[in-house]
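One structure is given below, encoded as structure tokens.
Chain naming here is simple, since letters A, B, ... match the order of the sequence lines and numbering starts at 1 in each.
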Amino acid sequence: MLDVRTLRNDLDAVVEALSRRHDPGIVAEVRQAAGLDVELRRLSTERDELRSRIRSISKDVGSLFREGKREEAEGLQAESRQLGADEKRLDGEVAALDEALRALLLVIPNVPHPDAPDGRSDADNPVLGGGGPDPDSYAEHQRVPHWEVGEALGILDSARAAKLSGAMFSLLRGGGATLSRALTQFGLDANADAFVEVRPPTLVSSETLTATGQLPKFADDAYHLERDDLWAIPTGEVPLTSMHRDEILDAAELPLRYMTATPCYRREAGSAGRDTRGMLRSHEFDKVEILAVTTAEQAPGVFEELLARAVASVDRLGLTWRTVDICTGDLGQSHHRSTDVEVFAPGADAWLEVSSVSWFGDYQARRANIRVRPDGGGGTALAHTLNGSALAVPRVWAALLEVYRQPDGTVAVPEPLWGYMRGMVAITG
RNA sequence: GGAGAGGUGCCGGAGUCCGGUCGAUCGGGCCUCCCUGCUAAGGAGGUGAUGGGGCAACCCAUCCGUGGGUUCGAAUCCCACCCUCUCCGCCA
């Protein structure tokens, strides 16, 4: 959520920044919010003045009664009753305005970072760099899509997954299941030097899902358990960010770094028919997430660190990777600046997004009310939050199946994973 | 799921029966200063958040789990809900 005060003090700058998202509706919402804010302050000042008078009259009533001046006190009571009626009416108006303003602020997206490249869609995202084998260097036997490789080896069973839960769920077995778990462990171990492992709840309250920005705007994308009013998390970012909700942190203890391996649940409401084959898009998948809570000053450096870590893991696995700078039109609602990491899947002949490293500025911290007390003491400031996938298990799993497919149809296990595979160095079905 | 106890400031803990001078006693912690070879002990003062206004000193409002209600006035009375703890039940 944006700071209303920036709308108040420099509306033009906010409008200019948000217009880079190339969505005219947003600008209209911002202007509307600025108008509500003016009205809200006018009315709440009026209300506060009334309250102040009521309080002072009430004090007088108390002392008059004690002095036995009953009649005088009753006169004041009548006056205060009158003021009370006005106060109640005004307070109702203020509450309604406040709610309207908050509702609007919750759907207005974050301002893009000045360095975020301008663009309208993912087609405009510039490639920043890359590594690993040349995408053209892959041999014929590696150009088989993972869903065929997996089904042939009997380690991916989409039919049975559909029997249990419907389309877009996956069921892994044997070496496929082990490989998936190995990737999770590998992703955690790669970051354990600097990140505290957390095993959070994966069913969370509406409040928690609002803090990170999924609610209210993207309710259709998440699974909701109505009876208990709980939501299945779409990413580990959700519980990790809310861990410090409504807390004031000491600047000296920042940055806080957390990592978590969780299942992620997504309804994929707008993606029916896209990537329906294999492991590329699924209602439930595993992911290792890394996250940091920082001061504003620390944020840019930590952003680079998270990105470097996301890249390091796929690079160690021997995959072809590239980083993509997310342009203003493709930036997520809460994102201030984002870089994606993609790996090349020679069988599917596609670049797969395996990580999105994002800096949220104070946008999430304002929703979540995560504050920082500066080193020398003094007033609090909002924290900055950043996160990224350290390892999105199914897509890396998919790329590995294709890249490491041998001419005989078996899949070699890359060396960094050997220790997690119970001695398996190849998946032979 | 059943029964009971409880949620107050950075922490502990009063206040709630009997509404007013209670943003809140007291203690601890923390900060500044004084005293003292150092440290400890001792003494004095200070110490919340949020919103609004003001160049500033400062002023106004809100906050005692949350939301309603009663009242001139609510931490205190009434209603609903949430959470924590203890015991019982159930259970990976």
Can you check nucleotides 19-22 of chain B for protein contacts, nitrogen or oxygen pairs under 3.5 Å, and list what you find?
from, atom 1, to, atom 2, distance (Å)
B:rG20, N2, A:Ser58, O, 2.7
B:rU21, N3, A:Arg66, NH1, 3.4
B:rU21, O4, A:Arg66, NE, 2.9
B:rU21, O4, A:Arg66, NH1, 2.6
B:rU21, O4, A:Arg66, NH2, 3.4

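- Rounded to whole angstrom, the span from the CG atom of A:Leu40 across to the P atom of B:rU62 amounts to 16 Å.
- Taking a pair as Watson-Crick or G-U with both hydrogen-bonding distances under 3.5 Å, the stems of three or more pairs touching RNA chain B are B:1-7 with B:82-88, B:10-12 with B:26-28, B:29-34 with B:42-47, B:48-53 with B:58-63, B:65-69 with B:77-81.
- The side chain of A:Arg5 has B:rG51 as its nearest neighbour among B:rG51, B:rG69, B:rC72.
- When rounded to the nearest whole Å, the span between CD1 of A:Ile370 and P of B:rA49 equals 18 Å.
- Between A:Phe169 and A:His283, the two ring planes are tilted [angle within 30° to 60°].
- Taking atom P in both B:rG2 and B:rA14, the straight-line distance is 30 Å, to the nearest Å.
- Comparing the same atom, C1', in B:rC11 and in B:rG1 gives a spacing of 35 Å after rounding to whole Å.
- Counting heavy atoms from C-beta outward, A:Ser206 and A:Asp229 have side chains that approach closer than 4.5 Å.
- Rounded to whole Å, the distance from CD on A:Glu72 to C1' on B:rC72 is 14 Å.
- In terms of modelled atom types and a separation under 3.5 Å, the side chain of A:Ser355 and the main chain of A:Ser389 share a donor-acceptor contact.
- Taking atom CG of A:Asp98 as the reference point, atom C1' of B:rU62 lies 12 Å away to the nearest angstrom.
- Taking the charged nitrogens against the carboxylate oxygens, A:Arg309 and A:Glu305 do have a contact shorter than 4.0 Å, which makes a salt bridge.
- Distance alone, capped at 3.5 Å, places no donor-acceptor pair between the A:Gln77 side chain and the A:Ser58 backbone.
- Annotation: A:Trp359 is not in aromatic contact with A:His335 [ring centroid separation under 6.0 Å not met].
- Straight-line distance from the CD atom of A:Glu207 to the P atom of B:rG67: 11 Å, rounded to whole Å.
- Taking atom P on both nucleotides, B:rC30 is separated from B:rU39 by 15 Å, rounded to a whole Å.
- Ion pair A:Arg51/A:Glu87 flagged as a salt bridge, since at least one NZ, NE, NH1 or NH2 atom sits closer than 4.0 Å to an Asp/Glu carboxylate oxygen.
- Taking atom C1' in both B:rU76 and B:rG20, the straight-line distance is 11 Å, to the nearest Å.
- The aromatic ring centroids of A:His113 and A:Phe303 lie 6.0 Å or more from each other.
- The gap from the C1' atom of B:rC72 to that of B:rC77 amounts to 16 Å, rounded to the nearest Å.
- At least one donor-acceptor pair under 3.5 Å links the side chain of A:Asp157 to the backbone N or O of A:Arg160.
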Protein-nucleotides 59-61 of chain B N/O pairs under 3.5 Å:
from, atom 1, to, atom 2, distance (Å)
B:rC60, O3', A:Ser52, OG, 3.2
B:rA61, O2', A:Asp48, OD1, 2.9
B:rA61, O2', A:Arg51, NH1, 3.4

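- Distance noted for atom P between B:rU66 and B:rC83: 15 Å (whole Å).
- Taking atom P in both B:rC18 and B:rC79, one finds a spacing of 14 Å when rounded to whole Å.
- Taking the P atoms as reference points, B:rC78 lies 15 Å from B:rU70, given to the whole Å.
- Residue contacts shown for A:Arg42 are absent, as no nucleic acid heavy atom lies under 4.0 Å away.
- Checking B:rG52, B:rA49, B:rG69 against the side-chain heavy atoms of A:Arg371 singles out B:rA49 as nearest.
- With contacts defined as side-chain heavy-atom distances shorter than 4.5 Å, the pair A:Thr260/A:Arg199 does not qualify.
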